[in-house]
J.: 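Structure in structure tokens, see below.
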Amino acid sequence: MEIEHKNQNYNILKDAKDLFEIEYVYENQPIKRSFNKPSLKDRQSLLEKLKTKISEISNCELKENAKQIVFSDGNPESPVMIIGEGPGQKEDEVGKPFVGDAGLLLNKMLDAINIKRPKVYITNVVNFRPPNNRKPETSEINRYALYLREHINIIDPKILILMGSTAMEALFGQTLKISKERGKWKELIVNQKTYQTILTFHPAYLLRQPDQKKYSWSDLKTIRKKLDDLKITI
Ligand code: URA
């Protein structure tokens, strides 16, 4: 007697095939249900492509007034991605985010929770210095938010840290207030993936308002706890 091996879907498939007269192609390979992270090489090439795309932006007052693009800094394989507002004078000169006074404070903040700056990945909402360090306008924030979402998708971090109201506005819209929302974990969906995201004060704001540092310290401890709870080594 011939024994027929069937899996549990056999009858359903057969019925459907008969009913709809579908020609199925059966694969030996299992269906891939999870997405693999791109290799470092692929990721670097995606980042290069994104950087080129941003550098080719047209009719942008920010680009027209800036010295150069300020794309990112740090480890593209990091589980932690930090997003600031936009380059200042020093960043515009050096071509890297957070290298001025706010950057020095950011380094200290990371040190305080045992994270070395080169271990994280850092970028900004807008990649060109706004003239006279003005805040990016909503239209500019929305325009660059498309690139930012692509950037998040490529880095695919375990946690996202949004520093300041511009980063908050780019990814959550204008309805939230940072003083109310900081320090809480939120879920941000980018390209069908959910990212654990926290809002916190921008280091430049803390330099102007040192009395607010106590809230920032509380947020940093919340971030450290999340990393420990999720067993994320960095
Ligand atoms: N402020 C930012 O938001 N980003 C920088 O890169 C520097 C200062």
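Values below: every heavy atom of this structure, side chains too, minus hydrogens, waters and symmetry copies.
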J.: Which pairs, with at least one residue in residues 203-222 and sequence neighbours excluded, count as a salt bridge (charged side-chain N to carboxylate O under 4.0 Å, His left out)?
T.: Arg182-Asp219
J.: Do NZ/NE/NH1/NH2 and the carboxylate oxygens of Asp73 and Arg117 come within less than 4.0 Å?
T.: yes
J.: Under the rule for side chain to side chain donor-acceptor pair (under 3.5 Å), what residues qualify as partners of Ser78, not counting sequence neighbours?
T.: none
J.: Between atom NZ of Lys184 and atom OG1 of Thr197, what is the distance when rounded to the nearest 0.5 Å?
T.: 14.5 Å
J.: Nearest 0.5 angstrom please: Thr166 OG1 to Lys135 NZ, how far?
T.: 3.0 Å
J.: If you count heavy atoms of other groups shown closer than 6.0 angstrom to NZ of Lys226, is the number above 12?
T.: yes
J.: Taking side chain as C-beta onward, heavy atoms only, is Thr200 less than 4.5 Å from Thr222?
T.: no
J.: Just wondering, more than 12 heavy atoms not from Lys225 lying within 6.0 Å of its NZ?
T.: no
J.: Stepwise, does the side-chain contact (heavy atoms from CB on, under 4.5 Å) test hold for Leu62 with Ile57?
T.: CA-CA 10 Å; Leu62 308 182; Ile57 193 169; over 6 Å; no
J.: What pairs meet the salt bridge (charged side-chain N to carboxylate O under 4.0 Å, His left out) rule with one or both residues in residues 55-72, with sequence neighbours excluded?
T.: Glu61-Arg134
J.: For Asp92, is there any backbone N or O sitting under 3.5 Å from a side-chain donor or acceptor partner on Gln68?
T.: yes
J.: Is it the case that more than 12 heavy atoms not belonging to Lys96 sit under 6.0 Å from its NZ atom?
T.: no
J.: Considering residues, nucleotides and ligands other than Asn114, do more than 12 of their heavy atoms fall under 6.0 Å from its CG?
T.: no
J.: Check whether any side-chain heavy atom of Arg149 lies under 4.5 Å from a side-chain heavy atom of Leu171, and answer yes or no.
T.: yes
J.: What distance do Ile155 atom CD1 and Tyr195 atom OH have between them, rounded to the nearest 0.5 Å?
T.: 9.5 Å
J.: Could you tell me which residues satisfy side-chain contact (heavy atoms from CB on, under 4.5 Å) with Lys119, sequence neighbours excluded, listed by chain and number?
T.: Lys116, Ile234
J.: Taking side chain to side chain donor-acceptor pair (under 3.5 Å) as the definition, give me every residue that meets it alongside Asp228, ordered by chain and number, with sequence neighbours left out.
T.: Arg224
J.: Please output the side-chain donor-acceptor pairs of residues 120-131 that fall under 3.5 Å, not counting sequence neighbours, one pair per line with the distance.
T.:
unit_1: Tyr121; atom_1: OH; unit_2: Ser72; atom_2: OG; d: 2.9
unit_1: Tyr121; atom_1: OH; unit_2: His151; atom_2: NE2; d: 2.7
unit_1: Thr123; atom_1: OG1; unit_2: Phe71; atom_2: O; d: 2.7
unit_1: Asn124; atom_1: OD1; unit_2: Glu85; atom_2: N; d: 3.3
unit_1: Asn127; atom_1: ND2; unit_2: Val70; atom_2: O; d: 3.3
unit_1: Arg129; atom_1: NE; unit_2: Asn133; atom_2: OD1; d: 2.8
unit_1: Arg129; atom_1: NH2; unit_2: Asn133; atom_2: OD1; d: 3.1

J.: How far apart are the C-alpha atoms of Thr138 and Gln174, what are their side-chain angles, what is the distance that settles it, and do they pass the side-chain contact (heavy atoms from CB on, under 4.5 Å) test?
T.: CA-CA 9 Å; Thr138 295; Gln174 277 181 304; 3.3 Å; yes
J.: CZ of Phe172: more than 12 outside heavy atoms within 6.0 angstrom?
T.: yes
J.: If you count the non-hydrogen atoms of other residues, nucleotides and ligands that lie under 6.0 Å from CG in Asp101, is the total more than 12?
T.: no
J.: Do Leu50 and Lys53 have side chains that get closer than 4.5 Å, going by heavy atoms?
T.: yes
J.: How about Leu160 and Val190: do any of their side-chain heavy atoms sit closer than 4.5 Å?
T.: no
J.: Should the pair Tyr144 and Tyr147 be assigned to parallel (<30°), tilted (30 to 60°) or perpendicular (>60°) ring geometry?
T.: perpendicular
J.: Look up atom CD1 in Ile161 and atom CE in Met109, then write down how far apart they are to the nearest 0.5 Å.
T.: 8.5 Å
